[in-house]
Amino acid sequence: MSHVWVWLEQFQGKIPSIVWETMGVARRLADVLGTGVTAVWIGGAIANQAEEAIAMGADIVQVVEHPALADFRFEPYLAVMTHLAKEGTPQAILIGSTARGRELAGGLAAELGTATLVDALEVSIEDGRIVVIRPIYEGKLFARTYVERSPAIVTIRGRAFPKPDPDPGRKGEIRRVSIELDPLAFPTEVLEWIQETEGEISLNEARIVVGGGRGVGGPEGFEPLRELARALGAALGATRAVVDAGWIPYKYQVGQTGKTISPDLYIACGISGAIQHLSGLRGVKVIVAINKDPEAPIFKVARYGVVDDLFKIVPALTAELRRRGLAKG
Amino acid sequence: MHIVVPIKQTPDTTAVLTVDASGRISWGDAPLIVNPWDEFAIEESLRLKEKFGGKVTVITLGPESAKEALKQAVAMGCDEAILLHDPAFEGSDAVVTATILAAAIRKLGAVDLVFMGKESVDGNSAQVPPALARRLGWPLLAYVGKIREIDPAGRTIVVERILEEGRQVVRAPLPAVLSAMQMNEPRYPSFMGIRKAARMQIPVWTAVDLGLAPEQVGAAASAARWPVVFAPPKQEVQCEFIQGESPEEIARLLVDRLLAEKVL
Ligand SMILES: Cc1cc2nc3c(=O)[nH]c(=O)nc-3n(C[C@H](O)[C@H](O)[C@H](O)COP(=O)(O)OP(=O)(O)OC[C@H]3O[C@@H](n4cnc5c(N)ncnc54)[C@H](O)[C@@H]3O)c2cc1C
Ligand SMILES: Nc1ncnc2c1ncn2[C@@H]1O[C@H](COP(=O)(O)O)[C@@H](O)[C@H]1O
């Protein structure tokens, strides 16, 4: 029976956690369907990623190496994926719901004449068919969806599924596939990378996020939040109001026109809780709100609230974590 | 330069949504708006027009009432607007929407750039831009945070794409398909623009106009199915307010709670 496929997204050789979460879903589906998992690695040169994929649950790893594939570019990656899918007839292709993942998924759906189910929160098999529950309207509603044709293309929401534990004893097969690629057929060119997350915990993968809003008062008002984030091993987040004010760069923005995050804990400091901010907090388990205004809407979604000045509470929180030996940095 | 901006009319993001027993979604009397991401694309296209000359055409696939969204774009400064409407289009998924948009863009003739929103705030899929790029056979530059340069004579564009790890700077030949992140402050409609929009007769193109057969469009051609839409289980969070004599005491009580929740 045809396999469930997983795309091994990588950045400079490193595979992000969302890919392994996706692998966990693929493994579960394949076991229910009585089939296997094929992982696809596309890149400039492979090191030990294929073995890693097998340890994480793949039965077969297809490896496509080519200098033209060193950096992610939509067109050549899509050409490789389309070629492989036409040869291998997967029953589903699972992809992490990242920026690259969603582009690739959309391209594949168009090339293979099928459809994508984006941002799966739940994936199950019903009557032999893959059924996905996904948020729509910024998470205000859910839809139960499936694809009428094969393969179903599904992107998996980050931090919605557990990352499997690696099993170094698992056996699998590594298949090197050579594909003729005419570099001239893909005229887009990556000129440079401006890496912005070096040494920082990424908002997408963070277990804890400390968010700051207009209540921080100015660019320097983020300092106590940064201190707290360091102590917690947390990522920093922000509202659009402070991004628009130029207090902090756009990459920190959480919300409808920023990032969607799903940490276990979100500490909102000086944030009113506008609906466009809350729609970026779809999967958060526990929200703590620190706000001077007891009527602020953020308290309607918060599990714990502190009605006080953030400049008093945030440093006290950092000090308390240090005092109890809970602080990371 | 001729820039085409495909826009979608969506419910206001602050609307309260309900689903009835038959699965119909309602947003009460909340207004319909231009998808906020598409406003970034409109604004950026108008700036390019101001710099390089040319025109901006907005198109939408939707019901007759979606003309209101097109008028909003014209009032902001777009030059032409076209509604793609046909009962046969109903139920089109992202790929089929892209097929229809591609046919309309080809019919428009010489186009240098298609500028879309990153995603729609109702469908939340971000699938139409990549699918449209494939249907047109043009390069895709999705998640654009900044246009660095355009060389209309050399027919190239350089943009910064915002990805998880940072910004990828990419050069591509024109024509190309772009999708916009939050990259500017969209302008308000001008008085002149509103007058122009009010008078404008917006052409409606049907499947026949686009040379598309009934089986190529609508629900029949679409592979995605979503038979059930429902309101997510209400997470009744009761906020527990932490009070204390001093910030130190509040911090201590809060850390106790967070340890008990196992989120630290
Ligand atoms: C189309 C569209 C898209 C949008 N997208 C986003 C988005 O992606 N993300 C986003 O965040 N917003 C977004 N917004 C904006 C959103 O509507 C709000 O304007 C914004 O979230 C408000 O930010 P804020 O909470 O920082 O500011 P405010 O609403 O001004 O709130 C500041 C809060 O700080 C409190 N405060 C002040 N001083 C202190 C102090 N010393 N200690 C404690 N509390 C204090 C105040 O009581 C107040 O509640 C969008 C809006 C639109 C129309
Ligand atoms: N019905 C439509 N008509 C015109 N453009 C659309 C339509 N649906 C989506 N788009 C465009 O595709 C982008 C992404 O939408 P989506 O793929 O639905 O998330 C939007 O921001 C629009 O630019």
Side-chain angles (χ1 to χ4, degrees), chain A residues 11 74-75 98-100 102-103 106-107 109-111 114-116 118-119 135-138 140-149 187-197 202 204 250 256-257 264-265 275-276 285-286 299 301-307 312-313 316-317 320-321 324 326, chain B residues 13-14 17 19 25 36-37 93-95 98 121-127 129-131 134-135 139-140 142-143 145 158 160 163-173 182 222-232 237 239-242 247-248 250-252 254-255 257-258 261 263-264:
Chain A
F11 176 67
F74 176 70
E75 286 79 16
T98 58
R100 297 181 191 84
R102 289 212 273 173
E103 318 177 35
E111 294 292 319
T114 169
T116 318
V118 178
D119 250 0
I136 52 173
Y137 294 90
E138 311 280 308
K140 287 184 209 164
L141 299 176
F142 284 2
R144 207 174 149 279
T145 60
Y146 62 90
V147 181
E148 187 75 359
R149 288 173 217 148
T188 53
E189 213 185 323
V190 177
L191 302 180
E192 70 174 297
W193 254 102
I194 306 168
Q195 212 161 320
E196 292 178 326
T197 51
S202 95
N204 308 83
Y250 172 64
Q256 185 195 299
T257 46
D264 293 340
L265 174 62
I275 188 151
Q276 293 93 351
K285 270 203 214 129
V286 174
F299 290 121
V301 296
R303 178 71 192 85
Y304 299 102
V306 180
V307 181
K312 288 192 198 139
I313 303 301
L317 204 50
E320 179 67 16
L321 292 165
R324 292 210 210 174
L326 295 166
Chain B
T13 50
T14 56
L17 298 171
V19 191
I25 300 168
W37 297 96
D93 66 9
V95 169
V121 296
D122 51 0
N124 293 145
S125 86
Q127 297 298 286
R134 290 322 299 158
R135 286 289 177 265
L140 170 72
Y143 309 110
V158 180
E160 293 179 8
L163 304 178
E164 277 76 9
E165 305 82 3
R167 289 168 178 252
Q168 189 192 38
V169 185
V170 193
R171 177 170 29 226
Q182 177 179 311
S222 299
R225 295 281 178 273
W226 30 357
V228 187
V229 174
F230 57 99
V237 274
C239 184
E240 181 186 338
F241 286 95
I242 311 283
E248 289 68 32
I250 292 171
R252 186 160 47 72
L254 188 55
V255 170
R257 299 293 192 283
L258 297 179
E261 294 267 6
V263 291
L264 277 190

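Both the backbone and the side chain of A:Y304 have a heavy atom closer than 4.5 Å to some heavy atom of chain B. Residue B:A126 touches chain A through both its backbone and its side chain, counting heavy-atom pairs closer than 4.5 Å. Residue B:P36 touches chain A through its side chain alone, counting heavy-atom pairs closer than 4.5 Å. A:Y250 touches chain B through its side chain: at least one heavy atom from C-beta onward sits under 4.5 Å away, while N, CA, C and O do not. With a 4.5 angstrom heavy-atom cutoff, B:F241 touches chain A via backbone and side-chain atoms both. Of the two parts of B:D122, the backbone and the side chain both hold a non-hydrogen atom closer than 4.5 Å to a non-hydrogen atom of chain A. Contact of A:L326 with chain B is made through the side chain alone, with heavy-atom distances under 4.5 Å. With a 4.5 angstrom heavy-atom cutoff, A:V286 touches chain B only via side-chain atoms. For B:V95, the part lying under 4.5 angstrom from a heavy atom of chain A is the side chain only. If you measure heavy-atom distances from B:L140 to chain A, the contacts under 4.5 Å come from both the backbone and the side chain. Of the two parts of A:I194, the backbone and the side chain both hold a non-hydrogen atom closer than 4.5 Å to a non-hydrogen atom of chain B. Using a 4.5 Å cut-off between heavy atoms, A:Q276 touches chain B through its side chain atoms alone. Contact annotation for A:E75: only side-chain heavy atoms (C-beta onward) come within less than 4.5 Å of a heavy atom of chain B. Using a 4.5 Å cut-off between heavy atoms, B:A224 touches chain A through backbone and side chain atoms alike. Both the backbone and the side chain of B:E240 come within contact range of chain A, with heavy atoms under 4.5 Å apart. Looking at A:E148, both its backbone and its side chain come within 4.5 Å of chain B, counting heavy atoms on both sides. Using a 4.5 Å cut-off between heavy atoms, B:R225 contacts chain A through both its backbone and its side chain. Only the side chain of B:I250 comes within contact range of chain A, with heavy atoms under 4.5 Å apart.
In this structure, the side chain of B:E164 engages the main chain of A:A99 through a donor-acceptor pair within 3.5 Å.
Ion pair B:R252/B:E248 not flagged as a salt bridge, since none of the NZ, NE, NH1 or NH2 atoms sits closer than 4.0 Å to an Asp/Glu carboxylate oxygen. Using a 4.0 Å cut-off between charged nitrogen and carboxylate oxygen, B:E261 and A:R303 count as a salt-bridge pair.
The most heavy-atom pairs under 4.5 Å with chain A, out of B:A231, B:P129, B:P139, come from B:P139. Per-residue heavy-atom pair counts under 4.5 Å with chain B were compared for A:T114, A:L191, A:D264, A:T116, and the maximum is reached by A:L191. Among the candidates A:T98, A:T257, A:D119, the residue making the largest number of heavy-atom pairs closer than 4.5 Å to chain B is A:T257. Among B:C239, B:A98, B:P247, B:A131, the residue making the largest number of heavy-atom pairs under 4.5 Å with chain A is B:C239. Interface remark: of the candidates B:R134, B:R135, B:E160, B:R134 forms the most heavy-atom pairs closer than 4.5 Å to chain A. Interface summary for chain A: among B:L163, B:V229, B:V121, B:V170, the most heavy-atom pairs under 4.5 angstrom belong to B:V121. Among the candidates B:N124, B:I25, B:L17, the residue making the largest number of heavy-atom pairs closer than 4.5 Å to chain A is B:N124. Listed options B:V158, B:L254, B:D93 were ranked by heavy-atom pairs under 4.5 angstrom with chain A; first place goes to B:L254.
Of all heavy-atom pairs between B:Q127 and A:V118, the closest is CG-CG2, 3.6 Å. Considering every non-hydrogen atom in both B:W37 and B:Q182, the closest pair reads CZ3-N, 3.7 Å. Scanning both residues, A:G107 and A:F74, for their nearest heavy atoms gives CA-CZ, 3.8 Å.
Of the inter-residue distances, the one linking B:T14 atom OG1 with A:I275 atom CD1 reads 6.5 Å to the nearest 0.5 angstrom.
Side chains of B:Y143 and B:Q168 form no contact here, defined as non-hydrogen atoms less than 4.5 Å apart.
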